[in-house]
Amino acid sequence: MTGTLNAPITAATEIRVQALQKSFGDHLVLNGMALEIEKGEMVAVVGRSGCGKTVLLNHILGLMTPDSGHVWVADNEMDGAPLVDVTQFEDAIEIARIHTHWGVVFQRNALFSGSVFENLALWLREVKNLRSDAITEIARAVLTSVALPVTAVFLESDAASLSGGMAKRLAIARALSMDPVVLFYDEPTTGLDPVSAAEIQDLILATHQGGAITTIIITHDKDLLSRLGPRTVMLHEGRVYFDGSFEEFRSANSEIIRPYFVSMPTLHGRAPDFH
Ligand SMILES: Nc1ncnc2c1ncn2[C@@H]1O[C@H](COP(=O)(O)OP(=O)(O)OP(=O)(O)O)[C@@H](O)[C@H]1O
Ligand SMILES: [Mg+2]
């Protein structure tokens, strides 16, 4: 079991990334990354393709081990939600305990082949140990909140057969089913048509509930940023290069930010020359 952080903290801290370092072979991806996220914030993490956004997320989720540095997260299962260092966790049980209150919408949805219902039921069964009647009730509630059907036919349909927009909704429904206090989205609108993208943006805003939960969105979507107006964090060369409001980001006169910002609208479907 890990200890709690000795340094002064505010009770409001949800996530604190400290001096995070990660290389793959000789490719240095995170180079002293530092980031603090408070409870109730909506934070967008942006930056060029390959700059390390998903790698950062994987460290926060405890799915990757850093070469050095720390990731403190609020343990919302304990009174006062003390910060615990996920880099020191030695077993999956501790990670699972933290994840009880986290919802994650992965970049490629991470739906598995099988029915819509099974995709919703698995985490509730495995992580929350819920029984099937409780699972059915939650499944209907979260599908309703993402405007997907709750019919038996839909619940039994194959998740692999859903359109991109519907699959994203199902991934969001599954994240919501965890009754999360922290919701992570990795590129939730990439590859969607503009109408579906706008609907997902609205859904992200609605699920944030004005700050009742903490929302962290990895995105290249300029429309999302301008509609939701989150705190905007840009990664560059393994660190946080910019951290401020979207308005400040939009008007920043930086030779790193400008070309990225200008290229953002072309990114639906991933411009091939963006690497
Ligand atoms: N498991 C891994 N093994 C080796 N290299 C990896 C691994 N995971 C990520 N990388 C490399 O780390 C870099 C950052 O990857 P990451 O997936 O975080 O990028 P990203 O910022 O999320 O990009 P995108 O916007 O395209 O999703 C890339 O160069 C990638 O190839
Ligand atoms: Mg990524």
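Note: hydrogens, waters and symmetry copies are ignored here, and every other heavy atom, side chains too, is used. Note that ligands are numbered from 1 as they come in the structure, with each ligand's atoms numbered from 1 the same way.
- Look at R227 and D202 and you find a salt bridge, because one of the NZ, NE, NH1 or NH2 atoms lies within 4.0 Å of a carboxylate O, short of that distance.
- Using a 4.0 Å cut-off to heavy atoms of G52, the atoms of ligand 1 that qualify are 14 (C), 18 (O), 19 (O), 20 (P), 21 (O).
- Taking any N or O of V29, backbone or side chain, none lies under 3.5 Å from an N or O belonging to ligand 1.
- For ligand 1 and H220, the ligand atoms under 4.0 Å from any heavy atom of the residue are 25 (O).
- The backbone N or O of V153 lies less than 3.5 Å from no partner atom in the side chain of E156, so there is not a single donor-acceptor pair.
- Geometrically, ligand 1 and L56 share no nitrogen or oxygen pair separated by less than 3.5 Å.
- When each atom of ligand 1 is checked for a heavy atom of E187 under 4.0 Å away, the hits are 24 (P), 25 (O), 27 (O).
- In this structure, R97 does not pair ionically with E77, as no charged nitrogen and carboxylate oxygen lie closer than 4.0 Å.
- Taking a cutoff of 4.0 Å between a charged side-chain nitrogen and a carboxylate oxygen, E118 and R125 qualify as a salt bridge.
- The heavy-atom pair separating A74 from L83 by the smallest distance is N-CD2, 3.4 Å.
- Those atoms of ligand 1 that come under 4.0 Å of a heavy atom in Q107, given as number and element, are 27 (O).
- In plain terms, the two heavy atoms of P188 and L224 that are nearest each other are CG-CD1, 4.3 Å.
- Considering backbone and side-chain N/O of F24, none are found under 3.5 Å from N/O of ligand 1.
- Note on S49: not counted as a metal contact of the Mg ion (ligand 2), no N/O/S atom lying under 2.8 Å.
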